[in-house]
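The structure appears below as structure tokens.
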Amino acid sequence: MGDTTTHTPGGGSYELLRQRLNQQGEALLTKAAALNEARLAEFGRDEQKLIGRVRARTDNNCIARDLVRVGEWLLFGYNVFIGLKKETLVEDVFSLYRLVDGSEGQELEPVSFDGTFLAETRFVADFRELHAYYKQARLVQLRVHNGKLLAAFQIGQQISDIRVFRWSLTPDGSVSYIDNRGERDIALPPSHDFEWTPTTREDHINGKHAHVNILDSIFVETVGGDLTVKVENNTETGLGIYSELVDDKNQSLADAEIAYASLGSLILLRIKPYREEDTRYLVYNSRTRKVARIDEIGQSCVQLPEDHGIIFPGGYYLQSGESKRFDGDATGMKFKRMLRSPNGEDVLYVFYEPVTGLLGLFAYNLIDKQLSSPLYSNGYARFDDGRVLLFVAESAEPTRLHSMQLWQTPFCSEEHAGRAASGQGFFGRIGNSELVRGLSELYGIARAVREQAATRLVYEDLIKHCARVLDGYFWLDSAEAGQLAAELKAIADTARATLDEFDKVESIRADAARALATAEAEQKALFTEIASSLWHSPGDFVIALDRLRSQRGKLLALKEQRYIDLERI
């Protein structure tokens, strides 16, 4: 029960300690923010922002498919459907450009194929052979991955029926054709970076309300008409912290397919009730003791860095319980790649839908613990300085003009970052990446103090978190860092004292809950008895009134008990 609905006369040590903890958390947040500002002043930060627009012009009307950067060139791929043409040429599928400074800003300059990797004799021969055997072959993906350029063509009815041309890329910028057998190179990574553990009969706990034991933390069942998640191993009651209807009310405990994955304080559930087509995906947070249904996890799901939480197509869920979903159709998207910025502050997650070729670019900031608004595109090219050129197919109709956007992002190359300022003095000794990791931890502690959900696990995690950060970042005790170590030690000490008082408060709350339950049972019995009585004289009526007054007096006295639920009284 929340503090807003309970009676806590005199405040008490627990409330005073919570207030002190809040004040210390705000002090930590202020000092951490000051250190972050000093860090940004020293190293700078490239925020994600739109800096320009360009257009690519193709010789024929075509439907654009993908875009990548290959050394100094931009390779643009598309599909042209020319009915009377006997042969498909390389220039019917590809164009090369350079991004150059023009009179009105940056623009795309066409590049001739002569002397480039697209004019290599072996590639041209393999390209002609492909289109001779597979008249309906069409380009579906371009990719630069592990030192190779890959170009995938669909040759059958399924999107998985592909032939992949590949070239090797060297650090000096040269490109040389390898062969047309790169199917394994272009395969997407696993859609989930964790394993699901199916439940077995050994996890079943029988009783009046039987359920499945998940890691002795939560208990799940789909019987009796609903899917229920409980946090108590109690088979006498069917009530839980979360429930939703199922189609078949008559299923048994063994009929549902249930699997789980434990990721920090999160437990992910994969549940397919009996005789249902769709699988449901739930996230249980042991810190907040809340459950959220997120079916997008089934498509693809990977963990955020530093045990921050999870990201899935279209949104994220943090260990703190914070979550967000963005507008936009992420149906069918799978995880494609992750890219860290050299400063260690930002991480880019790319999700990909193979049929339409749509990409979703999600940038996560470790300090703010937030995703920026995603960029959806059909292809993108990343430059060494962090600029990203991307395009979105504006319609399904063929066209010769293709609009593109140029964005500045923090995702520059390591070489480019190495040429930038490396910091002086304290900041130079510690390094930007190390500072980012430490600040992320500090902000996480400050947020945990601010939210401060009243559970034993929250205070235990807070104490452990402070100890881990103090051990992991020696520089927190320095004057340049604002002697943040002292703030962490104070928070840990107060959290220990709060935990001790919390145990006392929980005992008082349990007593209050039992007293209230007893009063409710007595009142229900009293009402039942009075309602069923046969009154033969006014004295019977007076006796009933006296009993009601007595009950009212007990309730008034009960209101003075600490942590009693006033609304229920």
Side-chain angles (χ1 to χ4, degrees), residues 1-22 205 207-209 211 216-219 224 226 228-243 284-291 451-462 494-533 535 540-569:
M1 63 187 73
D3 290 343
T4 57
T5 62
T6 58
H7 180 49
T8 56
S13 299
Y14 175 61
E15 286 74 24
L16 292 176
L17 287 168
R18 281 184 58 134
Q19 291 173 13
R20 183 189 303 171
L21 200 54
N22 278 325
I205 298 178
K208 182 179 179 182
H209 295 278
H211 50 226
D216 292 327
S217 298
I218 53 175
F219 306 89
D226 56 25
T228 300
V229 179
K230 295 191 280 189
V231 293
E232 294 181 357
N233 188 10
N234 184 349
T235 58
E236 293 303 310
T237 175
L239 299 178
I241 60 170
Y242 179 87
S243 66
Y284 167 70
N285 191 319
S286 60
R287 292 180 183 175
T288 62
R289 287 196 164 191
K290 293 183 178 179
V291 175
E451 293 158 4
Q452 207 178 147
T455 67
R456 164 172 272 276
L457 182 62
V458 166
Y459 293 116
E460 289 176 341
D461 280 353
L462 186 57
T494 305
R496 289 189 190 94
T498 307
L499 182 57
D500 292 339
E501 289 298 319
F502 175 76
D503 288 338
K504 299 175 186 177
V505 168
E506 284 296 280
S507 177
I508 297 171
R509 281 178 170 157
D511 290 341
R514 283 193 291 268
L516 188 56
T518 300
E520 285 181 324
E522 289 176 351
Q523 183 160 311
K524 183 178 180 181
L526 176 61
F527 284 177
T528 301
E529 185 178 345
I530 291 176
S532 61
S533 297
W535 295 348
D540 295 335
F541 180 71
V542 173
I543 291 172
L545 285 178
D546 286 341
R547 295 180 68 184
L548 290 173
R549 288 193 190 99
S550 176
Q551 174 66 12
R552 184 171 181 270
K554 291 180 181 179
L555 293 177
L556 288 173
L558 204 58
K559 289 176 70 173
E560 296 304 312
Q561 186 162 341
R562 293 188 67 192
Y563 299 105
I564 200 74
D565 191 331
L566 296 176
E567 289 185 3
R568 285 174 67 185
I569 289 180

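Just so it is clear, the values below take in all heavy atoms, side chains as well, and ignore hydrogens, waters and symmetry mates.
- The side-chain heavy atoms of V229 and S243, taken from C-beta on, include no pair separated by under 4.5 Å.
- With values rounded to the nearest 0.5 angstrom, N233 atom CG is found 12.5 Å from I218 atom CD1.
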- Query: Can R568 and E520 be said to form a side-chain contact (heavy atoms from CB on, under 4.5 Å), step by step?
  - Reply: CA-CA 9 Å; R568 285 174 67 185; E520 285 181 324; 2.8 Å; yes
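- No more than 12 heavy-atom neighbours from other residues, nucleotides or ligands sit within 6.0 angstrom of CD on E232.
- For the atom pair OH of Y284 and NZ of K230, the computed distance is 13.5 Å after rounding to the nearest 0.5 Å.
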- May I have the step-by-step check of side-chain contact (heavy atoms from CB on, under 4.5 Å) for K290 and I241, ending in yes or no? CA-CA 7 Å; K290 293 183 178 179; I241 60 170; over 6 Å; no
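- Side-chain contact check for T494 versus Y459: every heavy-atom pair is 4.5 Å or farther apart.
- In this structure, L21 and A495 approach most closely via the heavy-atom pair CD1-N, 4.1 Å.
- Judged by distance alone, with hydrogens and angles left aside, the side-chain atoms of N285 form a donor-acceptor pair with the main-chain N or O of R287 at under 3.5 Å.
- A heavy-atom distance below 4.5 Å is found between the side chains of K559 and I569.
- Just one of L556, L548, L555 meets the side-chain contact (heavy atoms from CB on, under 4.5 Å) condition when paired with R552; it is L556.
- Note that CG of L239 is 8.5 Å distant from OG1 of T228, once rounded to the nearest 0.5 Å.
- Between the OG1 atom of T518 and the CZ atom of R514 there is a distance of 9.0 Å, given to the nearest 0.5 Å.
- Taking the six-membered ring where the residue is Trp, H211 and F219 present tilted rings, their angle falling between 30° and 60°.
- Here the CD-CZ distance, from Q551 to F527, works out to 7.0 Å after rounding to the nearest 0.5 Å.
- For the pair R18 and E501, the minimum side-chain heavy-atom distance is 4.5 Å or more.
- Remark: N22 CG to L17 CG distance equals 11.0 Å, nearest 0.5 Å.
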- Message: Pair L457, S286 - check side-chain contact (heavy atoms from CB on, under 4.5 Å), show working.
- Response: CA-CA 8 Å; L457 182 62; S286 60; 3.5 Å; yes
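- For Y242, there are no ring pair (Phe, Tyr, Trp, His ring centres under 6.0 Å) partners at least two apart in sequence or on another chain.
- No side-chain donor-acceptor contact under 3.5 Å links K524 to the backbone of T528.
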- Show the numbers, then the answer: is there a side-chain contact (heavy atoms from CB on, under 4.5 Å) between D546 and R549? CA-CA 5 Å; D546 286 341; R549 288 193 190 99; 3.0 Å; yes
